[in-house]
Structures are given as structure tokens and as C-alpha cells.
*Asks:* 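Right, I'll just put the structure down here and ask away after.
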Amino acid sequence: MAVHNTEIASFFERIADLLEIEDENPFRIRAYRNAARTIRGSTVSMSYLLKQGKDLSTLPNIGKDLAEKIQLIVETGDLPLLGEIEARTPPTLSDLLKVQGLGPKRVRLLYKELDINTLEDLRRAIQSGKIYTVKGFGEKTVKALMERINSYSTEEKRTKWLLARDIARPLLEYIKQCEGVRKVMLAGSFRRCKETVGDLDILVTAKESKKVMECISHYDEISNVVSMGSTRSTVILDCGMQVDVRVIAPESYGAALVYFTGSKPHNIELRKLAQKLGYKINEYGVFKQDKHIGGKTEEELYKKLGLNYIEPELRENTGELAAARNGSLPQLISLKDIRGDLHCHTNATDGHCTLSEMASSAREKGYEYISINDHSKRLTVTHGLDEAQLLEQIRQIDKFNAKSDDIVILKSIEVDILEDGSLDLSDSVLKELDFTVCAVHYKFNLSQQKQTERILRAMDNPYFTILAHPTGRLINQREAYEIDMQKLMMAAKQRGIILELNAQPDRLDLNEIHCKTAKELGVKLVISTDAHSQNDFDYMLCGINQARRGWLEAENVVNTRSLKELRKLLKRK
DNA sequence: GCCGTTTTCGGCCCGACTGTTTTCAGTCG
């Protein structure tokens, strides 16, 4: 059983947490965290690299020691060091770190002084008043802690990007009308277009920050003010979303935007680079000695460091700085590159609109083509089509196309991949289609080997064109099923099969690391909305966001092509 | 523990806000 990168990263993160509580050398702790990030963000698995005989210490943030530890984890599934640390320091303490306001120092203190190991221990110490005997725990701190314990949940509360946008909109409008406000920008992970957003980071430029802060504190959707200083504040909205606002002078706009957009590892890397060049970067600008020499715009800041402008979606410290230095940043795909949508449903199965309604929405988007991909018969809950019904739909599409003088509907199906790797409809009808979209909709819990073989067998069918939502994950709801993605991609490449990036905000499947891998391997991709109604075509934006974070360019994505070129790409090798 | 146009040691990003230990540590982004 291959060990996943996320598991290896998690070993190192757990070690870092516990070492931090033990008050170890902070740089050693950072080394573990940096290594974890490298591993988590790697497009290839560590097990695969080791099998290839690659020296892992050539990877960034991985030295000789950690390379050996990775190898140990891959070979044995375990790391003795973690066990040793856990024998000294209870692993449950890292749960306490997740409580806002509790950092390593306080967790350590509570453990040493009152033997507090768990959230429950902490609650009891507060209720009995014992906690006041610990230095540094005064009335306000304890009251805030109690509130946070009560609202604490083990589920990470991250909001899907699209919903975050809707929450942010009225707040941004409100801030814009505050006196003295010039610009208002949504930064943070939202601006980097992450799948989910933990909190909203809002940057405001204004000459007088105090007045703006005052105005923001009167927004009527605020349920709690966590902190409110003269230039920075943190509030919780009624919906539970945390909002961090930073007000800064207009001349610092670019530097502040870089700072507030992050990611943190990207910023750290930028600041290190600045140091090397004899500069200092903070949210106010670029400084040489104490002289302000730049920072009005982001472009200017990057330029001072000898870098091309880096799009927010790339700012994760996964190679973008090097690419910006040597001029090899990707020309990221954008919404306007998209010429059609290759995964749409109608009311023939579980969609809500007719074929011509879907086509007319797509026409409004300026698309040249869409395809209709209703479900196949096995998916009975959706009234999946059997062979005869599909033939009937094909006739309808032919009729539509005969009359349409602009948009073309391609004939297709979202056909189920059965457990034995066969497809849910016979070849005799599949061959009547322009192409197929093939998907796994049941038996998610097969072993990695079986699941991979199932899909590989399906790919052997000459009518298999596109693999839909390749991992089956649903964000915050369902884990991806186990597959050997590297193997699937290699097989797709050999056969000329296309992988779908499903743009549904719940799916975003492939993830950004898969996208980057596919690009590196030369596997063709398609971005599709899986639209079940006319409005769903708007999900294309989410797919584009994801593609951009995966470094994709228009040429990597088949539905940026004209219909003529697309038809060629849909042909199997 | 990693890293190197300051290479095998001595560094390691930078600043705001809070509460409390009245001068700053702890936490967070």
C-alpha cells in the first residue's frame, strides 16, 4: 500500500506541533513545517520518486535528515521519532493549539501547571477557577477562552469560494461608502482563488485609518469584535465568517496587497529574497536601509526584486518565484479563452432544463458548442438513459443542429463505469456519439489497485473519451476514492484520453496539484461545469480559478479550441 | 533541520493587537 504525500506531510506537521509545545528550537520546527509543505504540494508522490531512485534531498526544504525520514515512512508506514515525542508530550495537546488564543507557550504552561491534556480538562479548569492560578491567565483571557471552547468544533470551517464571494459582496459595498475610503480589495486566500476560504481578508486604502475602523465597527452584520486597533481589526460576522480588515495609506497599496494576499510561504520567500538583495519588505513597502523605495503597486514590488508579476493564484511558494525570475511563468488560462462546455445535463435525466434552453444559455455566454451528457441507465435515481432513449436524444440533437446557425450541440453521454470496468451502454450506441464522458458513480470504496484497474479497463474501450470528475471527492463531504493518479494519467496520455476538471464548486475535481501534474505529463484536460440548469454555466469561473492555481494555460485545455480543432482532439489515438 | 553570489557555520520574515507579567510576551496573519 503506497503511502500518500499527505500522510507523510501530516507526520511532519504533528512533529512540528509537539516540538513547538516542547519549546524546541523554532527553526527546527519551521524546517519540519517547510518540508511538510513541500511534500503536500508536490505533484508526484514521494513513494514514486523513491521507486525511481531519486535523491529526495534535492527537493527544496528537504535535507539529508528529512529525506531519510521520508524513506522510513514510505517503507514502514511509521516514524519512530513521532512515537518518542508522543511519549513525552501527549499528542492530544495539539488539539488545544487549534483553539484560537492558545499557542504553544500557553498550551505548554497549562499542561505543566495543571496537567491539562484535552479540551475537556481545560473546560474543567476554567469552571473550577483553577486556571487563574496560572500566570498570564486573567479574567478577559479566560472568558474569551471559554467562549471559544463552547463554539469549538473539530470540523474545519472553511467556506466554498463562491459562497464566500456572496458573503463578501455587501460588506465590500458597505466599506466603500465609509468616509475617506479610496480602494477596497478582497485579498487573502479568496484572491488566490482557493477552493475554500477560511476567513475574508479585506484591504482598504484611506488617508485616515481610524475613522474607517470606526465606520466598519458599525456594520450591522457583525456579531463579535475580536480585535480592533487603529489600522487592523478582526470581526466575526453573523454567518460565522471571520473578517480581517487592514487599512493602509494609498502609497503602500501594492506592498499591502502582496502582504495581505499571501500566501504566507510566498511572502516569506519574497522577504528572504529582498534581504539577499539588501532590501526589506513589509506591508508598507520596499525599503533600502530606512528609505522607502517602492510598493505603490504589486508590479513595482515584484520588479524591485527582479521578478515578473506573479498572479495571485500562483502565490503558494511552489516554484513561482523561480519562474518569475527566469521569465517562465505560465500565461494563465482565463474565462474568455473558453469556447464551450462539454458536460451538461437536461431534463431527460436529472437536469432541470430542456436541450434548447441549455443551448440558448450557452449561446448567451458566446460559446460555439456544448455537449449534452445525460446519465446512463445504471444511475436509476436520475432516470438514466438506456440505448433506445439515447438514440432518441441523438435524433433530437440532430434536429436542433440542422436548424441552428450558430451554436452546435455535440452528442454525448455521461456513461457509468461499471464495477468490472465495462461501460454502462453498448458500443453499438456509443459509436453514434461525438464522444463520451465516463464516470464512476458507485463502489467508491474499492482498494486503490482495484479502483485503478477498473478505470484502466474502462479506458481500454475505444469509445472512452473523457474521464469525468476523476477522484469523485466532494469538498467537505466525501473523500476522493483511492486511485493511482500517476498511472491513470500515463494511461490517459498513451490513449489520447482527456481528463475533466469538473467546475462544480462542490467538486473542483481534479485539484490544483493534479492539474499541474497533468500539464507536466502532457495530458489533455477539459474544464466542464456539469451544468444541471441554465445558471450552472456560471460555475465555469470556479473551474477556471482551479485551473489557474494548477498553472494551466489555454493550450492545455481542449475546450479553448475551435469546434474544428476540438473534433480532432476528441479523436482517440 | 535547512541552506549557501555572506557555502560547511551562523543565520533563518515582519509587524499589529491584546492583556497583563507595568515593559513585553504571546498570538496571529
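Proteins get letters first, then strands, A, B, ... in listed order; numbering begins at 1 in each. This one's a predicted model, so the numbers in the text were calculated from it and none came from an experiment.
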*Asks:* What integer number of Å spans the C1' atoms of B:dT7 and B:dC14?
*Replies:*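 26 Å, rounded to whole Å.
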
*Asks:* Quick check on B:dA16: is either OP1 or OP2 less than 4.0 Å from any side-chain nitrogen or oxygen of A:R232?
*Replies:*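 A:R232 to B:dA16 OP1/OP2: no side-chain N or O under 4.0 Å.
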
*Asks:* When you measure from the side chain of A:S227, which nucleotide among B:dG1, B:dC17, B:dC13 comes out closest?
*Replies:*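 The nucleotide sitting nearest to the side chain is B:dC17.
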
*Asks:* Using the rule side chain to side chain donor-acceptor pair (under 3.5 Å), only one of A:R28, A:R108, A:R33 pairs with A:E20; which is it?
*Replies:*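 The single option meeting the side chain to side chain donor-acceptor pair (under 3.5 Å) with A:E20 is A:R33.
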
*Asks:* Considering just the side-chain nitrogens and oxygens of A:N282, establish if one lies under 4.0 Å of OP1 or OP2 belonging to B:dG15.
*Replies:*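 The answer is yes; a side-chain N or O of A:N282 sits under 4.0 Å from OP1 or OP2.
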
*Asks:* For the P atoms, the ones on B:dA16 and on B:dT20, what distance do you get once it is rounded to whole angstrom?
*Replies:*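 The answer is 22 Å between these two P atoms.
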
*Asks:* Hey, what do you get for CG (A:L79) to CD1 (A:I15), rounding to the nearest 0.5 Å?
*Replies:*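 Answer for the CG-CD1 pair, A:L79 versus A:I15, is 4.5 Å.
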
*Asks:* Atom CD of A:Q275 and atom C1' of B:dC13: how far apart are they, to the nearest Å?
*Replies:*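 Computing the A:Q275:CD to B:dC13:C1' distance gives 7 Å.
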
*Asks:* Among the nucleotides B:dG29, B:dG26, B:dA16, which one has an atom lying closest to any side-chain atom of A:R246?
*Replies:*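 Within the option list, the nearest is B:dA16.
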
*Asks:* What distance, rounded to whole Å, do you find between the two C1' atoms, one in B:dG15 and one in B:dT21?
*Replies:*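 Their C1' atoms lie roughly 22 Å apart.
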
*Asks:* Looking at A:E320 and A:R192, is any side-chain nitrogen of the basic one under 4.0 Å from a carboxylate oxygen of the acidic one?
*Replies:*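 Salt bridge flag = no for A:E320 with A:R192.
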
*Asks:* Just to be sure I understand the rule, does A:G136 reach a base, reach only the sugar-phosphate, or reach nothing, if contact means heavy atoms closer than 4.0 Å?
*Replies:*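 Result for A:G136 = base.
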
*Asks:* Can you tell me if the side-chain N/O atoms of A:Y284 get under 4.0 Å from OP1 or OP2 in B:dA16?
*Replies:*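 It does, given that an N or O in the side chain of A:Y284 lies less than 4.0 Å from OP1 or OP2 of B:dA16.
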
*Asks:* Round to the nearest Å and state the distance from A:L110 atom CG to B:dG26 atom C1'.
*Replies:*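 After rounding, the reported distance stands at 13 Å.
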
*Asks:* Quick one: which of B:dT27, B:dG15, B:dG1 gets closest to the side chain of A:E283?
*Replies:*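 Closest nucleotide to the A:E283 side chain: B:dG15.
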
*Asks:* If you measure from the C1' atom in B:dC17 to the same atom in B:dT23, how many Å do you get, rounded?
*Replies:*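 It comes out at 16 Å once rounded to the nearest Å.
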
*Asks:* Please determine, for the side chain of A:T141, which listed nucleotide (B:dT20, B:dG15, B:dG1) has the closest atom?
*Replies:*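 It is B:dT20.
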
*Asks:* Across the strands shown, which category fits A:P26 at heavy-atom distances under 4.0 angstrom: base, sugar-phosphate, nothing?
*Replies:*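 Since no nucleic acid heavy atom lies under 4.0 Å of A:P26, the category is nothing.
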
*Asks:* Should A:T297 and A:L301 count as side-chain neighbours, where that means a heavy-atom distance under 4.5 Å?
*Replies:*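 In short, these two side chains do not touch, never coming nearer than 4.5 Å.
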
*Asks:* Return no unless some side-chain N or O of A:T231 is found under 4.0 Å from OP1 or OP2 of B:dC17.
*Replies:*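 Answer is yes, contact under 4.0 Å.
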
*Asks:* Starting from P on B:dC3, measure out to CG on A:N317 and report it in whole angstrom.
*Replies:*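 These atoms are roughly 12 Å apart.
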
*Asks:* To check you understand the geometry: which heavy-atom pair defines the closest contact between A:L97 and A:P104, and what is its length?
*Replies:*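 What the structure gives for the nearest pair is CD2-N, 3.5 Å.
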
*Asks:* Would you say B:dC28 has OP1 or OP2 under 4.0 Å from some side-chain N or O of A:K264?
*Replies:*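 Negative; the distance criterion is not met.
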
*Asks:* Taking the side chain of A:Q100 as heavy atoms from C-beta outward, which of B:dC12, B:dT27, B:dG29 is closest to it?
*Replies:*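 My answer, after comparing the listed nucleotides, is B:dG29.
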
*Asks:* Among the candidates B:dA16, B:dC2, B:dT27, find the nucleotide nearest to the side-chain atoms of A:L66.
*Replies:*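 Taking heavy atoms from C-beta onward, the closest nucleotide is B:dC2.
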
*Asks:* For B:dC28, take OP1 and OP2 only and decide whether either is under 4.0 Å from a side-chain N or O of A:Q242.
*Replies:*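 It does not, given that no N or O in the side chain of A:Q242 lies less than 4.0 Å from OP1 or OP2 of B:dC28.
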
*Asks:* Thinking salt bridges, do A:E300 and A:K304 make one under a 4.0 Å N-O criterion?
*Replies:*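 Salt bridge: no.
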
*Asks:* Taking only the side-chain heavy atoms of A:A31 (C-beta and beyond), determine which of B:dG1, B:dG29, B:dT27 contains the nearest atom.
*Replies:*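 The nucleotide sitting nearest to the side chain is B:dG1.
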
*Asks:* Taking the C1' atom in each of B:dT5 and B:dG1, what is the distance between them to the nearest angstrom?
*Replies:*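 About 24 Å, rounded to a whole number of Å.
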
*Asks:* Round to the nearest Å and state the distance from A:D201 atom CG to B:dA16 atom P.
*Replies:*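 Those two atoms, CG and P, are 16 Å apart.
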
*Asks:* Looking only at side-chain atoms of A:N25, point me to the closest of B:dG26, B:dG19, B:dG1.
*Replies:*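 Of B:dG26, B:dG19, B:dG1, B:dG1 is nearest to the side chain of A:N25.
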
*Asks:* Over all strands shown, is A:S230 touching base, sugar-phosphate only, or nothing at heavy-atom distances under 4.0 angstrom?
*Replies:*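 It contacts sugar-phosphate atoms only.
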
*Asks:* Once you round to the nearest 0.5 Å, how far does CG of A:L172 lie from CD1 of A:I202?
*Replies:*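 Reported value, rounded in 0.5 Å steps: 5.0 Å.
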
*Asks:* Which value, in whole Å, describes the distance between the P atoms of nucleotides B:dG19 and B:dC2?
*Replies:*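 So the two P atoms sit 39 Å from each other.
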
*Asks:* Would you mind pulling out the nucleotide paired to B:dG10, Watson-Crick or G-U wobble, both distances under 3.5 Å?
*Replies:*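 Looking at the geometry, B:dG10 pairs with B:dC3.
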
*Asks:* Return yes if the base of B:dG29 and the side-chain atoms of A:D199 contain a donor-acceptor N/O pair under 3.5 Å, otherwise no.
*Replies:*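 A donor-acceptor contact between them is absent.
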
*Asks:* So A:K69, base contact, sugar-phosphate only, or nothing? Heavy-atom distance under 4.0 Å.
*Replies:*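 Sugar-phosphate: the residue A:K69, judged by heavy atoms under 4.0 Å, touches backbone atoms but no base.
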
*Asks:* So if I take every side-chain heavy atom of A:K280 and compare against B:dG29, B:dG15, B:dG1, which nucleotide ends up nearest?
*Replies:*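 Minimum distance to the A:K280 side chain belongs to B:dG15.
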
*Asks:* Looking across every strand, which nucleic acid part, if any, lies under 4.0 Å from A:V99 by heavy atom: base, sugar-phosphate, or nothing?
*Replies:*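 Contact class for A:V99: sugar-phosphate only.
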
*Asks:* Looking across every strand, which nucleic acid part, if any, lies under 4.0 Å from A:I29 by heavy atom: base, sugar-phosphate, or nothing?
*Replies:*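 Contact class for A:I29: none.
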
*Asks:* Which nucleotide in the set B:dC12, B:dA16, B:dG19 lies at the smallest distance from any side-chain heavy atom of A:K272?
*Replies:*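 Minimum distance to the A:K272 side chain belongs to B:dC12.
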
*Asks:* If the C1' atom of B:dC12 is compared with that of B:dT18, how far apart are they to the nearest Å?
*Replies:*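 Pairwise C1' distance, B:dC12 against B:dT18, rounds to 27 Å.
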
*Asks:* Relative to each other, are the rings of A:Y32 and A:F12 parallel, tilted or perpendicular (30° and 60° limits)?
*Replies:*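 The arrangement is perpendicular - the two ring planes meet at more than 60°.
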
